[in-house]
Trainee: 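This is the structure I want to talk about, given as structure tokens.
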Amino acid sequence: MNHLPQAWGRPRDDVYGAYDSSYLQNGGPTQHTQRPIVTGTSVVALKFKDGVVIAADNLASYGSLARFTDVKRLRKFAETSVVGFGGDVSDMQYLDRLLNSLDIQEAYGSSGHTLNAQNLHTYLSKVLYKRRSDFNPLWNQLLVAGLDGESKPFLAAADLLGTTFSSPSLATGYGAHLAQPLLRNVAPDEEAASKLSLEQALEAVKESMKVLFYRDARSMDKYSIAVITKDGIDLKENEQLEKQSWAFADQIRGYGTQVN
Amino acid sequence: MFRNNYDNDSVTFSPQGRIFQVEYASEAVKQGSVVVGIVSKTHAVLVALKRNAEELSSYQKKIIAIDEHLGLSLAGLASDARVLSNFMKQQSLSSRLTYGRAIPLSRLVNSIGDRAQTNTQHYGKRPYGVGLLVAGVDETGPHLFEFQPSGMTQEMVACAIGARSQMARTYLERNLEKFVDCGREELVVHGLKALKESLAQDKELTVENCSVGVVGIRGEGMKAIEGFKLFDGQNVKQWVDMVAEGTEEAAEEESMEVDS
């Protein structure tokens with residue numbers, strides 16, 4: 001006879017064998033994200049007169065290891081907006097599923113109503129802020145590109161803290177240091193951006209991607225690029241960086257594999 | 001009033017396939033004073049006849065503004081309308097907060113339709129005893145919706161509910177083709193004329209017993225809207241006077257036609 005109260009009412013071990021507690025939740029504390037694991041690097045984007053150009057490479061790194069080389073980090077939403085994801089890839093996949101279900105929900109009911117890029121950005125920033133307030137952030141930096149309620153080009157950023165920011169050109173991660181100044185040369189303000197042609201914008205973004213590949217050790221020469229205009233989204237997911245020139249490299253001490 | 005044994009709750013069908021509690025709820029709508037709604041290409045208006053319980057009391061509140069872009073008018077139990085309108089206010093606000101978007105009308109009306117329907121299918125609940133006309137604008141232009149206690153909702157070009165509303169509906173049916181191209185002022189006048197049709201013999205439209213709600217679009221998109229505005233008391237004088245004059249003329253015309 002077992003006199004311990006916690007055994008009362010339970011099957012007796014000596015008759016039925018030890019209770020298989022693997023069916024119960026194995027305790028331990030609830031775990032929250034402490035740091036990103038598999039990560040994507042920069043996303044860059046630039047407004048031009050008819051829309052927005054956005055680009056990100058196809059690499060997902062595991063620490064400094066180039067682990068997955070075919071990860072699409074630009075995601076379409078409702079054929080009207082594109083979200084570019086930097087930061088944790090699993091959180092990106094979660095957000096992607098969230099956005100897909102939101103898209104279905106929106107398209108299901110009333111016809112003629114869609115969420116534009118501005119609505120999408122507001123929504124995403126609320127999701128991110130909610131998660132950071134739960135001390136369980138979605139470890140991403142996002143760029144949302146598309147058109148706003150008045151069909152004008154829209155570009156804004158949101159990050160893991162729920163901070164939002166908007167500018168004619170934006171870049172996340174390493175790109176914020178290396179690409180942003182280059183894009184600002186082309187479009188210092190909204191007015192300048194509204195005069196840019198598609199060709200100029202494409203060139204500036206591709207040039208930024210190239211510089212990032214030269215100098216960002218977590219980047220890759222295969223990338224995705226999307227152009228969002230009134231006519232829809234032109235998304236190419238398997239572009240190769242062209243006209244690379246590594247002539248500058250051997251002049252720089254400590255660059256690449258050389259150590260001394 | 002004691003029709004049979006099948007009217008004690010809203011979950012039991014009568015052998016004829018009717019749910020009497022729901023039909024009684026529709027009767028409650030017919031006890032309320034009449035409200036009229038009309039929509040054109042650019043505007044949606046609500047016009048309501050207010051009653052005062054006694055000489056010394058104030059008049060009812062028949063039109064409620066929900067959000068910048070929509071409002072409703074009610075016929076039936078005012079307290080049920082308050083529950084529904086508070087819910088609609090919450091839904092509108094949450095759409096603005098999470099998406100930065102004015103909620104599409106059809107979605108909002110569907111959501112109260114669903115709420116009302118569940119009340120007709122659960123034991124111990126009762127249907128709402130109120131009918132609503134919901135008028136507003138969204139990305140797809142101006143809209144007018146009718147809501148019934150059964151949970152039925154439908155979009156209307158023009159509609160009248162409440163006591164003696166059949167007369168108003170007859171007026172609306174006669175003038176149906178004119179509404180589409182009406183401006184704001186014309187639409188209000190049509191609404192008041194419809195309201196006047198349904199008045200009892202010894203009653204007249206006065207600034208005390210009329211309420212008018214107007215909402216419309218100024219141009220393309222949601223940025224240029226004329227927000228929902230409620231007119232009461234001296235503010236409806238302009239239109240009430242027009243209708244009072246209008247009927248005299250109309251009466252003269254009619255008598256002239258008869259003569260010739």
Side-chain angles (χ1 to χ4, degrees), chain A residues 51 77-81 83 95 98-134 138 142-158 162-166 190 230, chain B residues 39 41-42 44 66-70 87-88 90-117 134-147 151-156 217-227:
Chain A
F77 180 82
E79 299 298 321
T80 55
S81 319
V83 186
L95 280 170
L98 189 73
L99 290 183
N100 276 328
S101 68
L102 177 68
D103 187 18
I104 292 166
Q105 213 181 311
E106 280 293 305
Y108 182 70
S110 47
S111 58
H113 299 286
T114 47
L115 291 169
N116 59 37
Q118 196 168 22
N119 301 145
L120 183 64
H121 176 254
T122 309
Y123 173 71
L124 281 169
S125 69
K126 306 284 168 182
V127 171
L128 290 163
Y129 181 69
K130 202 277 174 186
R131 289 292 296 261
R132 87 100 220 196
S133 301
D134 291 343
L138 291 165
L142 312 179
L143 294 189
V144 183
L147 301 172
D148 66 11
E150 293 169 306
S151 297
K152 291 206 186 97
F154 176 86
L155 174 62
T163 315
T164 59
F165 195 70
S166 188
E190 289 286 350
K230 260 197 217 88
Chain B
V39 69
K41 263 190 223 152
T42 55
I66 300 295
D67 196 351
E68 172 78 20
H69 68 300
L70 79 138
F87 174 73
M88 289 167 85
Q90 279 176 12
Q91 294 283 304
S92 311
L93 268 177
S94 100
S95 174
R96 285 199 189 267
L97 194 71
T98 41
Y99 302 108
R101 174 180 73 163
I103 193 168
L105 247 72
S106 58
R107 183 162 310 170
L108 185 61
V109 172
N110 279 336
S111 73
I112 57 166
D114 291 349
R115 260 174 85 101
Q117 195 281 334
V134 184
V137 294
D138 59 26
E139 288 151 333
T140 56
H143 297 281
L144 174 69
F145 285 90
E146 181 194 5
F147 162 88
M152 187 211 67
T153 59
Q154 54 188 348
E155 177 149 22
M156 308 293 278
I217 48 170
R218 289 216 181 84
E220 283 293 301
M222 279 300 286
K223 282 283 184 298
I225 73 162
E226 182 189 328

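Please read these numbers as outputs of a predicted model, since none were measured by experiment. The sequence lines fix the lettering, A, B, ..., with proteins before strands; numbering per chain opens at 1.
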Trainee: Is chain B contacted by the side chain of A:T114, its backbone, both, or neither, given a heavy-atom distance below 4.5 Å?
Mentor: backbone

Trainee: Looking only at non-hydrogen atoms, find the nearest pair between A:K126 and B:T98 and report the distance.
Mentor: CG-O, 4.0 Å

Trainee: Roughly how far, to the nearest 0.5 Å, is NE2 of A:H113 from CD1 of B:I103?
Mentor: 10.0 Å

Trainee: Tell me which one of A:L120, A:T122, A:N119 satisfies side chain to side chain contact (heavy atoms under 4.5 Å, CB included) with B:Y99.
Mentor: A:N119

Trainee: For B:F87, does the CZ atom sit with more than 12 other heavy atoms under 6.0 Å from it, leaving out its own atoms?
Mentor: yes

